[in-house]
Amino acid sequence: EFRCLTHLTMVAFEGGHLDRLREHASTLLQVGGEMGEADVPFARVLLAVAELRSDPARAYRRLEDALRALRDVSDKSHLAYGLNQAAVESLRLGRPAVAAGLAAEALAAAEAMNRSSERLIAGAILARCSAARGDRGAAREAVMTLCATLAAGAGWSARARAELATAAEAANVGITTPAPTQTDVA
């Protein structure tokens, strides 16, 4: 039940369904408590990232607290995911330096856990950060390296392919992906 709720929370987050996210995260916190967990920091991370959209100053404080707790429980897979999501939102808010720090940590966590899609996402976010800082050369180089990784194939998630397509657009690099991405559909 806990694992299923975790995935439902992620799906609600990715779909932008904030009411469902809050509902699933609340249930996840309750179930975690029933399982003897004092805290479920991953749920708090997603709630804080979602809150970045409406109240960034408050949300960043909550996010840092939740990320600290997630680091303490050594849940690197969920840490990489949460950091990547926070980095994307930070870029959206025009904070490339914050996004780069989050993505760099996500990359390290993803590498430690051999999470190929999260690793690709973190690299794409770092490329977007370079582009946002005006370093299109570094962004293009990073995107081309990521494209070579993508071509090598490893069962990349649609989210990873979409993030790479977004990075390619930011770096002004034309790419094609093996399957449609959100940016392909738009």
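Considering only heavy atoms from C-beta on, Leu79 comes within 4.5 Å of Glu105 through its side chain. Leu47 places none of its side-chain heavy atoms less than 4.5 Å from the side chain of Arg62. Looking at Cys147 and Leu164, their side chains come closer than 4.5 Å, going by heavy atoms from C-beta outward. Between Leu63 and Arg44, every side-chain heavy-atom pair lies at or beyond the 4.5 Å cut-off. No side-chain heavy atom of Lys76 sits less than 4.5 Å from a side-chain heavy atom of Arg71.
Of all heavy-atom pairs between Val40 and Phe2, the closest is CG1-CZ, 3.8 Å. Looking at every heavy atom in both residues, Val45 comes nearest to Gly82 through CG1-CA, 3.8 Å. Ala132 and Leu91 get closest at one heavy-atom pair: CB-CD2, 4.3 Å. Of all heavy-atom pairs spanning Ala131 and Ala171, the tightest one is CB-N, 4.5 Å. Contact record, Ala127 with Ala139: O-CB, 3.3 Å, taken as the closest heavy-atom pair. Gly123 and Leu146 get closest at one heavy-atom pair: C-CD1, 3.4 Å.
Salt-bridge annotation for Glu89 and Arg92: present, with a side-chain N of the basic residue lying under 4.0 Å from a carboxylate O of the acidic one. Comment: Arg68 engages Asp65 in a salt bridge, judged by a side-chain N to carboxylate O separation of less than 4.0 angstrom.
Note that CG of Asp72 and CG of Leu67 are 11.0 Å apart. Values are rounded to the nearest 0.5 Å. Rounding to the nearest 0.5 Å gives a distance of 11.0 Å between CG of Leu102 and CZ of Arg95. Glu118 CD to His78 NE2: the interatomic distance, rounded to the nearest 0.5 Å, is 9.5 Å. Of the inter-residue distances, the one linking Glu141 atom CD with Arg136 atom CZ reads 15.5 Å to the nearest 0.5 angstrom. The NE2 atom of His7 lies 11.0 Å from the CG atom of Leu28; values are rounded to the nearest 0.5 Å. How far NE2 of His24 is from CG of Asp19: 10.5 Å, rounded to the nearest 0.5 Å.
Leu70 and Met10 fall within a single hydrophobic cluster, where Ile, Leu, Val, Met, Phe, Trp and Tyr are joined by side-chain heavy atoms under 4.5 Å apart, directly or via other members. Residue Ile125 is not grouped with residue Met144 when hydrophobic side chains (ILVMFWY) are merged at heavy-atom distances under 4.5 angstrom, including chains of intermediate members. Clustering ILVMFWY residues whenever any of their side-chain heavy atoms sit less than 4.5 angstrom apart, transitively, puts Val88 in a cluster other than the one holding Val98. Linking Ile, Leu, Val, Met, Phe, Trp and Tyr whenever their side-chain heavy atoms come within less than 4.5 Å leaves Phe42 and Val31 in two separate clusters. Cluster annotation: Leu21 is not connected to Leu5 through the hydrophobic network of ILVMFWY side chains, with a link wherever side-chain heavy atoms come within less than 4.5 Å.
Counted within 6.0 Å of CG on Asn172, heavy atoms from surrounding residues, nucleotides or ligands total 12 or fewer; the atom is thus considered open. A 6.0 Å sphere centred on CZ of Arg159 holds more than 12 heavy atoms belonging to other residues, nucleotides or ligands.
Not one N or O on the side chain of Ser26 forms a donor-acceptor pair closer than 3.5 Å with the backbone of Arg22. Here the side chain of Arg20 pairs no donor or acceptor atom with the backbone of Thr9 at under 3.5 angstrom. Counting only distance, with no hydrogens or angles, the side chain of Ser117 and the backbone of Ser157 share a donor-acceptor pair below 3.5 Å. Using modelled atom types, no side-chain atom of Asn84 and backbone atom of Ala103 make a donor-acceptor pair closer than 3.5 Å. Panel note: side chain Arg161, backbone Trp156; a donor-acceptor pair is recorded below 3.5 Å.
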Audit row: Arg119, Leu107, side-chain contact (heavy atoms from CB on, under 4.5 Å) steps and yes/no: CA-CA 5 Å; Arg119 191 170 50 233; Leu107 181 60; 3.3 Å; yes
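Remark: Arg53 qualifies as a cation-pi partner of Phe13 under the 6.0 Å distance and 45° angle criteria applied to the six-membered ring.
For the residue pair Glu64 and Tyr60, no side-chain donor N or O sits within less than 3.5 Å of a side-chain acceptor on the partner.
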